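A quick write-up on the structure given underneath.
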Amino acid sequence: KVAMVGDGINDAPALVTADVGIAMSRGMEATGNAAGVILLDDALGQVADSIELGKNALGKIRQNLGWALAYNAVGIPLAAGVLLP
């Protein structure tokens, strides 16, 4: 996986071809349109924070999907009347 961080118009093609494009807020509009993530400040520390936030969000999505599958695996047979005589 490749992540590209850019702040100018010359970075737009690289942001599009990267797996994750991260644009700084003070960059050109074309850079913001090409990126998947736009940082609101020009601090490079936000890059690590955004990656960590993405990992946490993906973990929560997986957890919710697991709970939904377990709930439906139990709930659908009960709703269909498995326990009826």
Side-chain angles (χ1 to χ4, degrees):
K1 301 282 181 181
V2 175
M4 169 66 185
V5 180
D7 64 348
I9 191 139
N10 59 341
D11 297 326
L15 290 171
V16 171
T17 58
D19 293 322
V20 177
I22 302 172
M24 298 294 201
S25 66
R26 303 213 198 306
M28 303 295 289
E29 184 177 343
T31 307
N33 291 337
V37 177
I38 300 174
L39 300 178
L40 298 179
D41 196 11
D42 284 342
L44 285 177
Q46 287 183 341
V47 174
D49 293 341
S50 65
I51 292 171
E52 186 67 26
L53 179 65
K55 287 180 181 180
N56 290 340
L58 188 59
K60 188 56 71 177
I61 290 169
R62 289 181 178 147
Q63 179 184 10
N64 288 341
L65 184 59
W67 280 109
L69 289 173
Y71 177 83
N72 287 325
V74 172
I76 290 174
L78 288 176
V82 169
L83 298 179
L84 293 177

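Since this is a predicted model, take the numbers as computed values, not measurements.
- In this structure, the separation between CG on Asn10 and OG1 on Thr31 is 7.5 Å, given to the nearest 0.5 Å.
- Residues meeting the side-chain contact (heavy atoms from CB on, under 4.5 Å) test with Leu53, sequence neighbours left out: none.
- In terms of the side-chain contact (heavy atoms from CB on, under 4.5 Å) criterion, residue partners of Ala14 (sequence neighbours excluded) are, by chain and number, Met4.
- Ser50 contributes atom OG, which lies 4.5 Å from atom CD1 of Ile22 (distance to the nearest 0.5 angstrom).
- Contact record, Gly21 with Ala35: O-CB, 3.4 Å, taken as the closest heavy-atom pair.
- Considering every non-hydrogen atom in both Ala34 and Ala12, the closest pair reads CB-O, 3.7 Å.
- What you find for Leu44 and Val5 is that their closest heavy atoms are CD2-CG1, 4.4 Å.
- Residue pairs satisfying the salt bridge (Lys or Arg N to Asp or Glu O under 4.0 Å) criterion with at least one member in residues 42-59, sequence neighbours excluded, are listed as follows: Arg26-Asp42.
- Atoms CG and CH2, on Asn72 and Trp67 in that order, are 13.0 Å from each other to the nearest 0.5 Å.
- Residues Ser25 and Leu40 share a closest heavy-atom pair of OG-O, 3.2 Å.
- Judged by distance alone, the side chain of Asp11 and the main-chain N or O of Gly8 form a donor-acceptor pair under 3.5 Å.
- Residues meeting the side-chain contact (heavy atoms from CB on, under 4.5 Å) test with Val2, sequence neighbours left out: Ala18, Asp19.
- Take Leu78 and apply the side-chain contact (heavy atoms from CB on, under 4.5 Å) test, not counting sequence neighbours, and it matches Val74, Leu83.
- Qualifying side chain to side chain donor-acceptor pair (under 3.5 Å) partners for Gln63, counting only residues two or more places apart in sequence or in other chains: Lys60.
- Both Val20 and Met24 sit in one connected hydrophobic cluster of ILVMFWY residues. Membership requires side-chain heavy atoms under 4.5 Å apart, directly or through other members.
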